[in-house]
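A short worksheet on the structure shown next.
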Amino acid sequence: STRTLEAPPPVLRDTFITVNGTQQQISIPAGFTVSVFASGIPTCRGLACSPDGVIYATAYNGNVYALPDHNHRGVPDSTIKVATGLNDPHGIGFYKGQLYVSNNGAMYHLVTNGTSRVAVKYDTISLLPSAGGHHSRNFVIDTIKNPNKIYLQIGSNGNMDTTDFAHRAQIVEMNPDGTGYRTFARGTRNSVGMDIDPRTGALWVNNNGMDNIFGSGTELTDNNPSESIYLVCNGANYGWPWCYGFRLRNPLMMNLDTSIVQTFDGPVAEVLAHSAPLGLHFYRGTKFPAMYHNAIFQCYHGSWDRTPPAPPRITVMWADTDGKNVRVTDFVNGFEVLGANADSNTSHYFGRPVSIIEGADSALYVSDDQEGVVYRITYTGTPSGVAPNEAAVNFGLSTPVPNPAGNEIHADLTLPIPERVEVGVFDAIGNRVKSVLDDVISAGDHSITFDAYTLASGTYALRVVAGGEV
């Protein structure tokens, strides 16, 4: 399938990081620093930031950890074992101050002691399919578009194994108490990375593609299928195991009528095959340069079956809210050391990124299940590099007001300086349904008016971009 073109990379500089006593070379954009925040967390997987700014981590050893850094030294003051015996926990998050964790068989609410942070009770919110492969159960809690909804991914039973197909290879929706459990989208083989777009409230995920669909060790298999990123729509089917990419047929699964294949939805972006995408996070902070605000950071675990290997890395991706104009490039690389034959058998990894989140300090935190550490990525460049565009920040937009008589929507826009302004109307799941304006306009007060006659009944958002600010 066709991969998304990679953007020109930022200027990466080689630097060194000491991981578990061994110095390693790594590459990261100029102005950024990566360090080991926490170590001694075997098979570290999921990450979350608590309402009081403490980083929490899950691990496949069955434990959940809290890593408070109250002294703001860039390392934990202590490592607190919050919970044990959870059988490969991965997903972790907070809802209204309460801690939620998912493992391969259930979703839990952990009742914790507020002083010690140690869980004193594990309440099972919902049982989950647990047999077979792809047992990472990640989730994200929507606080924007559908508040009080949890979206959780359940991977397929195997590579192309449709066992328990009714309950696997899908994303489910539920309430925080486990009620309202339903299938939200299907045909996602193993969509571990998940986040809510802060601009629209839409759900984005990445997906691990199939293996060996053109035979083991062939060039076609090495490069297909690409790993995918989806802007997930309610009720969508993304085609696994019959298709990959945008309705490309799996040659080993041709037992489906073409008319059904034509109903499948496709990805907004595709990246190097067998890269194993895991964590996905929209950067919401302001400490990084402005170009990274609302950018999508992703962790790639690296391949086990590709020649040359797909390297573990962290990428950054930019995209419009409707999934168009996607650009992706490396942000951190160097986790792979190529061997003599440049293949998975002779190469080795010194680290394998899994999850990526943002801390209360606007730094990025990245788990590594091979080294059992959490990395911390900060911006240490000049303050001017992160200062927002003052003119853009100060642009004014009034609340859109309907005019039923003319079937129009009206809003007032004020610009302090001339700017290129893009105005669009988006539906409730983030799809652009109408373009209103895309032009350079002068400083001053302007009226934005558009015809709403063609819009179906529903909820819409008016999005205005000026000077890079939304």
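Heads up: numbering here begins at 1 and tracks the sequence.
- Asn237 and Asp265 are not linked by any side-chain donor-acceptor pair at a separation below 3.5 angstrom, with hydrogens and angles left out of the test.
- In summary, the aromatic rings of Phe37 and Tyr365 are positioned with their centroids under 6.0 Å apart.
- Pairs passing the salt bridge (charged side-chain N to carboxylate O under 4.0 Å, His left out) check and including a residue from residues 159-172, sequence neighbours excluded, do not occur.
- The CD1 atom of Ile55 sits 9.0 Å away from the CG atom of Asp69 when rounded to the nearest 0.5 Å.
- Counting heavy atoms from C-beta on, the side chains of Val118 and Thr112 never come closer than 4.5 Å.
- We find the CG-CE distance between Asn148 and Met174 to be 14.0 Å, quoted to the nearest 0.5 Å.
- One side chain, Glu371 or Asn20, offers a donor N or O that lies under 3.5 Å from an acceptor on the other.
- Closest approach of Tyr379 and Ala30 over heavy atoms only: CE1-O, 4.4 Å.
- A distance of 4.5 Å separates CD1 of Ile356 from CG of Leu364, quoted to the nearest 0.5 Å.
- For the atom pair CG (Asp77) and NE2 (His72), the distance works out to 9.0 Å, reported to the nearest 0.5 Å.
- For the pair Arg117 and Val54, the minimum side-chain heavy-atom distance is below 4.5 Å.
- When Tyr283, Tyr292, Tyr375 are each tested for a ring-ring contact (aromatic ring centres under 6.0 Å, His included) with Phe331, only one passes: Tyr292.
- Atom CZ in Phe139 sits 14.5 Å away from atom CD1 in Ile171 (nearest 0.5 Å).
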Using the ring-ring contact (aromatic ring centres under 6.0 Å, His included) rule, take Tyr56 and Phe94 through it: C-alpha gap first, then chi angles, then the decisive distance, then the call.
CA-CA 10 Å; Tyr56 279 64; Phe94 288 86; 5.1 Å; yes
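- Looking at Asn175, its side chain does come within 3.5 Å of a backbone N or O of Thr179 through a donor-acceptor pair.
- Looking at Arg327, its side chain does come within 3.5 Å of a backbone N or O of Asn325 through a donor-acceptor pair.
- A donor atom on one side chain and an acceptor atom on the other are not found under 3.5 Å apart for Gln153 and Ser191.
- Checked for salt-bridge contact, Arg199 and Asp320 miss the test: no charged N lies under 4.0 Å from a carboxylate O.
- Counting heavy atoms from C-beta on, the side chains of Ile28 and Val34 come closer than 4.5 Å.
- Of the charged side-chain nitrogens involved, at least one lies within less than 4.0 Å of a carboxylate oxygen, so that Asp195 and Arg284 count as a salt-bridged pair.
- Thr43 contributes a side-chain N or O that, together with a main-chain N or O of Tyr60, makes up a donor-acceptor pair within less than 3.5 Å.
- When all heavy atoms of Phe214 and Pro251 are compared, the closest pair comes out as CE2-CG, 3.7 Å.
- A donor-acceptor distance shorter than 3.5 angstrom exists from the side chain of Thr218 to the backbone of Thr221, with no hydrogens or angles considered.
- Tyr238 is listed as a side-chain neighbour of Tyr230, based on a closest heavy-atom distance under 4.5 Å.
- Inspection of the His301 and Asp369 side chains reveals an N or O donor paired with an N or O acceptor under 3.5 Å.
- For Thr58 and His90, the side-chain atoms include no donor-acceptor pair closer than 3.5 Å.
- Among Val328, Leu280, Val271, the one residue that satisfies the side-chain contact (heavy atoms from CB on, under 4.5 Å) test with Met317 is Val328.
- A salt bridge is absent between Asp197 and Lys145; no separation between the charged side-chain nitrogens and carboxylate oxygens falls under 4.0 Å.
- Here the rule is side-chain contact (heavy atoms from CB on, under 4.5 Å) with Ser367, and of Ile357, Leu47, Val373, Ile41 only Leu47 fits it.
- Remark: side-chain polar atoms of His274 are not paired, donor with acceptor, to backbone N or O of Ser303 under 3.5 angstrom.
- Put simply, the side chain of Arg137 gets close to the backbone of Pro129: a donor and an acceptor are under 3.5 Å apart.
- Using a distance-only test at 3.5 Å, with no hydrogens or angles considered, no donor-acceptor pair links the side chain of Glu173 to the main chain of Tyr151.
- Taking the ring centre of Tyr300 as origin, the terminal cationic atom of Arg313 falls inside the region bounded by 6.0 Å and 45° from the ring axis.
- Of all the heavy atoms in Pro241 and Asn250, the pair that sits closest is O-ND2, 2.9 Å.
- Between Ile213 and Pro225 there is a side-chain heavy-atom pair separated by less than 4.5 Å.
- No side-chain donor-acceptor contact under 3.5 Å links Asn157 to the backbone of Phe165.
- Minimum interatomic distance between Met107 and Leu128 (heavy atoms only, all atoms of both residues): N-CD1, 4.0 Å.
- Minimum interatomic distance between Arg13 and Gly31 (heavy atoms only, all atoms of both residues): NE-N, 4.0 Å.
- There is a side-chain donor-acceptor pair under 3.5 Å between Asn206 and Gln298.
- No donor-acceptor pair under 3.5 Å is formed between the side chain of Arg249 and the backbone N or O of Cys243.
- Between Arg45 and Ser136, the side chains place a donor N or O and an acceptor N or O closer than 3.5 Å (distance only, hydrogens not considered).
- With a 4.5 Å cut-off on side-chain heavy atoms, Trp240 and Asn190 do not count as touching.
- Side-chain contact between Ile377 and Val332: present, with at least one pair of heavy atoms (C-beta onward) separated by less than 4.5 Å.
- No donor-acceptor pair under 3.5 Å is formed between the side chain of Ser78 and the backbone N or O of Ile80.
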Derivation of the side-chain hydrogen bond (donor to acceptor under 3.5 Å, both in side chains) call for Gln170 and Thr183
CA-CA 7 Å; Gln170 61 185 255; Thr183 298; 2.6 Å; yes
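- Side-chain contact annotation: Thr380 with Thr33, donor-acceptor N/O pair under 3.5 Å present.
- Contact check on Asp142 versus Lys149 returns no salt bridge, with no Lys/Arg side-chain nitrogen under 4.0 Å from an Asp/Glu carboxylate oxygen.
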Apply the test side chain to side chain contact (heavy atoms under 4.5 Å, CB included) to residues Ile17 and Gln25: give CA-CA distance (whole Å), side-chain angles for both, the deciding distance (0.1 Å), then the verdict.
CA-CA 6 Å; Ile17 182 173; Gln25 183 172 302; over 6 Å; no
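- Across Thr378 and Ala363, no two heavy atoms sit closer than the pair CG2-CB, 3.7 Å.
- Contact check for Tyr100 versus Ile125: side-chain heavy atoms found under the 4.5 Å cut-off.
- Between the side chains of Ser27 and Asp14, at least one donor N or O sits under 3.5 Å from an acceptor N or O.
- Expressed to the nearest 0.5 Å, how far OG of Ser226 lies from CG of Asn207 amounts to 11.5 Å.
- Taking the six-membered ring for Trp and the full ring otherwise, the centers of Phe350 and Phe335 sit less than 6.0 Å from each other.
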